[in-house]
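Structure record follows, encoded as structure tokens.
Per chain, numbering begins at 1; letters A, B, ... match sequence-line order.
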Amino acid sequence: MFALVDCNNFYVSCERAFQPRLEGQPVVVLSNNDGCIVSRSAEAKALGIKMGEPLFQVRSLVEQHGVQALSSNYALYGDMSGRVMGYLASVAPELEIYSIDEAFLSLHGMERWHGRLDDYARRIRREVKRRTHIPTCIGLAPTKTLAKLANRVAKKDPALGGVLLLDSPERRQWALEQVPVEDVWGVGRQYATKLYSLGISTAAGLARCSEAMARRHLGGVVGARLVRELQGYPCHHLAPSEDGSLARQSIACTRTFGRPLSQFEDVLAAVAAFASRAAEKLRRQESAASVLTVFLSQNRFGTTPPPHTRSAQVTLPVATSDTTELVRFARSLLGRIWQPGSVYVKAGVILDGFESGEQKQLSLFAPDGSERTARLMQKLDALNARFGGNSVQVAAAIGAVGRQPGVWKGQQRRRSPAFTTNWNELWEIKA
DNA sequence: TCTGGGGTCCTAGGACCC
DNA sequence: TCTGGGGTCCTAGGACCC
């Protein structure tokens with residue numbers, strides 16, 4: 001039996017955990033540059049504010065109803081996520097951290113120790129709330145896809161008290177009939193449109209599909225597995241994370257600038273900073289990358305024909321996690337795609353092609369100096385961990401001498417304090 | 001005026017080989 | 001003009017996820 005634990009309105013709930021005045025209020029959390037809505041409280045949803053909607057399009061609604069709009073504070077959310085996941089890791093033998101606010105648990109055979117699994121889930125839910133102030137819903141079912149579906153039903157139906165267990169054919173059928181097909185895990189816009197045109201509008205309808213039909217219309221083997229999972233035959237297993245961290249196969253750092261940029265030095269400073277961040281993440285998971293991509297985008301709104309994203313990629317002679325080296329390659333790739341006179345709104349750096357364990361052995365014989373570099377990078381990470389953010393950077397990330405630094409950075413006018421992660425912004429308890 | 005930032009997996013098709 | 005039948009590896013792009 002799988003359990004999916006999903007935090008409700010996670011970013012908003014994190015903010016509320018430290019700002020009780022937000023309780024009961026319509027609240028939204030905004031994306032980078034305060035651009036789009038990425039998390040909504042129930043009250044904000046009730047006002048008709050949609051997920052992913054640009055703030056400026058709902059400005060009047062926000063003002064009219066006094067919606068609290070907060071800039072995102074990822075240091076806070078990451079820290080809160082760690083607390084929730086840390087507790088969940090203690091309630092089941094295996095945990096797969098699926099995203100910042102969701103985890104799959106394997107509860108196989110746990111009835112023996114904990115009695116009815118839905119009762120056990122209710123206790124977990126209560127305890128997460130008590131420890132972190134984060135509300136959750138829990139779906140329990142024989143497959144991951146059904147656990148997602150159970151979770152979704154539990155979330156929509158208050159009578160269920162946040163927990164739904166699908167342990168009989170009747171319960172399962174009942175739940176499948178509740179859920180529109182577009183809300184099934186793995187069915188996006190394209191597939192939903194296709195399914196509706198085939199007369200399939202609910203999860204129950206999709207579960208009745210033949211394998212041939214699923215293969216034909218839903219991306220081959222992906223669709224076949226999806227239908228099997230809805231029928232109760234597990235095709236996806238748990239990918240447990242040993243220490244709570246996830247080893248990624250690619251690492252990206254991309255941002256929309258605070259304002260459009262046309263000076264090479266300004267964009268270079270951004271790209272160098274992105275490469276540095278990506279290298280940091282890379283070292284944290286003890287990987288080394290052999291493929292580096294840099295891209296630049298122009299404004300994609302209100303222009304015809306749609307403007308391009310230019311990108312360039314290089315395969316490195318030797319996989320590395322050395323910031324200075326990655327920044328050097330990133331700079332040269334940027335030079336390749338840079339077009340003087342163009343105006344750019346966004347850039348990004350992507351690391352790929354991580355080396356495997358055996359390949360890493362070879363680096364023992366890497367050119368002289370690699371060990372020195374490794375020690376330097378350790379010190380760099382330690383300093384930045386201790387003094388915060390970007391205390392120590394490579395020069396290119398700061399920008400040319402005499403230029404204003406970080407002009408690519410956006411504004412976060414509505415950010416809450418970093419209650420848990422910054423000494424200067426600790427939560428104050430007034431006596 | 002203002003429009004996010006990460007990730008995953010799979011497939012098709014081309015290059016290349018025998 | 002006719003011009004096999006495999007196999008592998010790689011990449012670009014599409015679809016999905018939160």
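Contact of the A:Ile251 side chain with the A:Val349 side chain is not registered, since no non-hydrogen atoms from C-beta on lie closer than 4.5 Å.
A salt bridge is defined here as a Lys NZ or Arg NE, NH1 or NH2 lying under 4.0 Å from an Asp or Glu carboxylate O, and A:Lys148 with A:Glu102 meets this definition.
Heavy-atom nearest nucleotides on DNA chain B were determined for A:Ala247 and for A:Cys36, and the one closer to the 5' end corresponds to A:Cys36. Where A:Lys281 and A:Arg215 meet DNA chain B, the nucleotide closest to each residue was compared, and A:Lys281 sits on the side nearer the 5' end.
Proximity of A:Thr254 to the phosphate of B:dG6: a side-chain N or O atom is located under 4.0 Å from OP1 or OP2.
Side chain of A:His65 to main chain of A:Leu61: a donor-acceptor pair is present (N/O by atom type, distance under 3.5 Å, no hydrogens or angles).
Rounded to whole Å, the separation between the C1' atoms of C:dC17 and B:dG4 comes to 15 Å.
Residue A:Ser250 is in sugar-phosphate contact alone, with no base atom involved, counting any heavy-atom pair closer than 4.0 Å across all strands shown. Within 4.0 Å of A:Glu53, counting heavy atoms only, lies no atom of the nucleic acid at all. At the heavy-atom level, A:Leu55 lies nowhere under 4.0 Å from the strands shown.
Consecutive Watson-Crick or G-U pairs involving DNA chain C, each under 3.5 Å on both distances, make up stems of three or more pairs at B:5-18 with C:5-18.
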Summary of protein contacts for nucleotides 12-18 of chain C, nucleotide by nucleotide, where a base hit scores B, a sugar-phosphate-only hit scores S (4.0 Å, heavy atoms): ---SSSS
